[in-house]
*Asks:* 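Got a structure for you, written out below as structure tokens; questions coming shortly.
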Amino acid sequence: MNPEAGALHLALALDLPALSAAQRQLGDFLAAGGCPPEVCFRVELVVEEAVMNVIRHAEPNGATQAALDARCANGRALVAMEDDGPAFDPLQAAPRPIAGALAGAHDGGFGLHLIRGNTDAARYARTQAGTNRLEMEFAPRSC
Amino acid sequence: MKYELQAPTPGTCRVVLVGRADAAGVDLIETGLSAELRAKEGHVVIDLNQVPFMGSLGIRMLISIARLAARRGARIAMTGVQPQVLEVFETMALLDLIPHAPDAEAALALVAG
């Protein structure tokens, strides 16, 4: 991932304080670039879920680092996340209705529901460099 | 992030959450809040008036609280959800799990049945 003008590049440690700081930086960057608050909000929400997926699968022999790249244009946000963990496609988990979560002992499928419901496009690829890459687009939604 | 437990009526516990419910914020309060809620009885009202952001860990925490209430046969409702947070909850169908009331009084009426 190459930093460029008008783009934000963040390398983050896989812990919660680093994630929270990255969320705030992303939100501030996108707001300054003209993304509406609801786009910034959805980006912060989905990035939290994506990074938490990496943190949950980080031990043992999992990811040691992650990076986020963000750009914005015409109110749209483009965000890519890469991590050096084993191949994992968060878009392939089976979604489950949230109403079943009360009875369930786990939250399987919740993350996919969250990512799909709050992005306008999402793509996963395993790169030739051996990293997971998740690209996400967020478009303004009319109120 | 902080929380406070109040007893607005006998048999009802109001959980007032304050601050950004992002990963680090939720991590600060979740264990303590769950432990305190397990020791309480009665219905639960979650007050989100002072929560400007809620991430995926925050949503999972709300689901855990709803599970806790369901296990003891109690009702649960939310109030004071800010517009952007509410939009996400609607997208997630979270309101099917935890109904939202427009104000504190309506939330109390909702859990009172």
Side-chain angles (χ1 to χ4, degrees), chain A residues 12-27 31 36-56 90 95-120 138 140-143, chain B residues 1-2 19-31 34 37 43-44 46 48 51-78 81-100 111:
Chain A
L12 66 153
L14 295 177
D15 59 47
L16 299 186
L19 170 56
S20 288
Q23 284 173 283
R24 284 176 183 271
Q25 281 181 271
L26 263 177
E38 59 96 7
V39 168
C40 302
F41 190 105
R42 285 189 285 119
V43 169
E44 289 189 55
L45 172 71
V46 171
V47 161
E48 180 174 302
E49 179 60 22
V51 174
M52 284 306 301
N53 264 331
V54 176
I55 292 174
R56 284 187 201 106
R96 299 179 188 184
I98 199 166
L102 273 193
H106 54 77
D107 299 323
F110 171 81
L112 178 62
H113 200 60
L114 192 151
I115 292 173
R116 280 196 180 150
N118 291 288
T119 58
D120 295 279
F138 303 81
R141 295 177 178 175
S142 56
C143 296
Chain B
M1 189 169 196
K2 297 185 296 185
R20 273 174 61 91
D22 61 12
V26 170
D27 189 53
L28 271 179
I29 67 163
E30 187 168 21
T31 303
S34 294
L37 276 178
H43 306 307
V44 178
I46 304 171
L48 295 175
V51 178
F53 174 80
M54 179 158 293
S56 65
L57 287 191
I59 294 172
R60 281 187 160 90
M61 179 174 71
L62 294 183
I63 293 173
S64 293
I65 295 172
R67 247 184 224 150
L68 199 65
R71 273 194 214 117
R72 63 177 186 232
R75 284 185 284 273
I76 185 166
M78 294 184 284
V81 183
Q82 298 192 14
Q84 283 168 11
V85 180
L86 187 60
E87 196 173 321
V88 169
F89 287 175
E90 286 169 347
T91 303
M92 301 293 304
L94 187 68
L95 304 182
D96 294 348
L97 216 57
I98 310 174
H100 175 238
V111 295

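Throughout, protein chains are lettered first and strands after them, A, B, ... in sequence-line order, and every chain is numbered starting at 1.
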*Asks:* Look up atom OG1 in B/Thr91 and atom CG in A/Leu45, then write down how far apart they are to the nearest 0.5 Å.
*Replies:* 9.0 Å

*Asks:* Any idea which of A/Met52, A/Gln23, A/Glu49 has the most non-hydrogen atom pairs under 4.5 angstrom with chain B?
*Replies:* A/Glu49

*Asks:* Please state whether the side chain, the backbone, both or neither of B/Pro83 comes within less than 4.5 Å of a heavy atom of chain A.
*Replies:* neither

*Asks:* Would you name the heavy atoms of B/Ala24 and A/Leu16 that are closest together and state the gap between them?
*Replies:* CB-O, 4.0 Å

*Asks:* Say you draw a straight line from CZ of A/Arg24 to CZ of B/Arg20; how long is it, rounded to the nearest 0.5 Å?
*Replies:* 4.5 Å

*Asks:* Evaluate the side-chain proximity of B/Asp22 to A/Glu44: yes if any heavy-atom separation is below 4.5 Å, no if none is.
*Replies:* no

*Asks:* Which atom pair, heavy atoms only, marks the closest approach of A/Leu114 to B/Met92?
*Replies:* CA-SD, 3.5 Å

*Asks:* Go through the steps for B/Phe53 and A/Glu48 under the test side chain to side chain contact (heavy atoms under 4.5 Å, CB included), then give the verdict.
*Replies:* CA-CA 12 Å; B/Phe53 174 80; A/Glu48 180 174 302; 4.2 Å; yes

*Asks:* Side chain, backbone, both or neither: which part of B/Val85 has a heavy atom under 4.5 Å from chain A?
*Replies:* both

*Asks:* Testing the basics here: between B/Gln84 and A/Glu38, what is the closest heavy-atom pair and its distance to 0.1 Å?
*Replies:* NE2-N, 3.8 Å

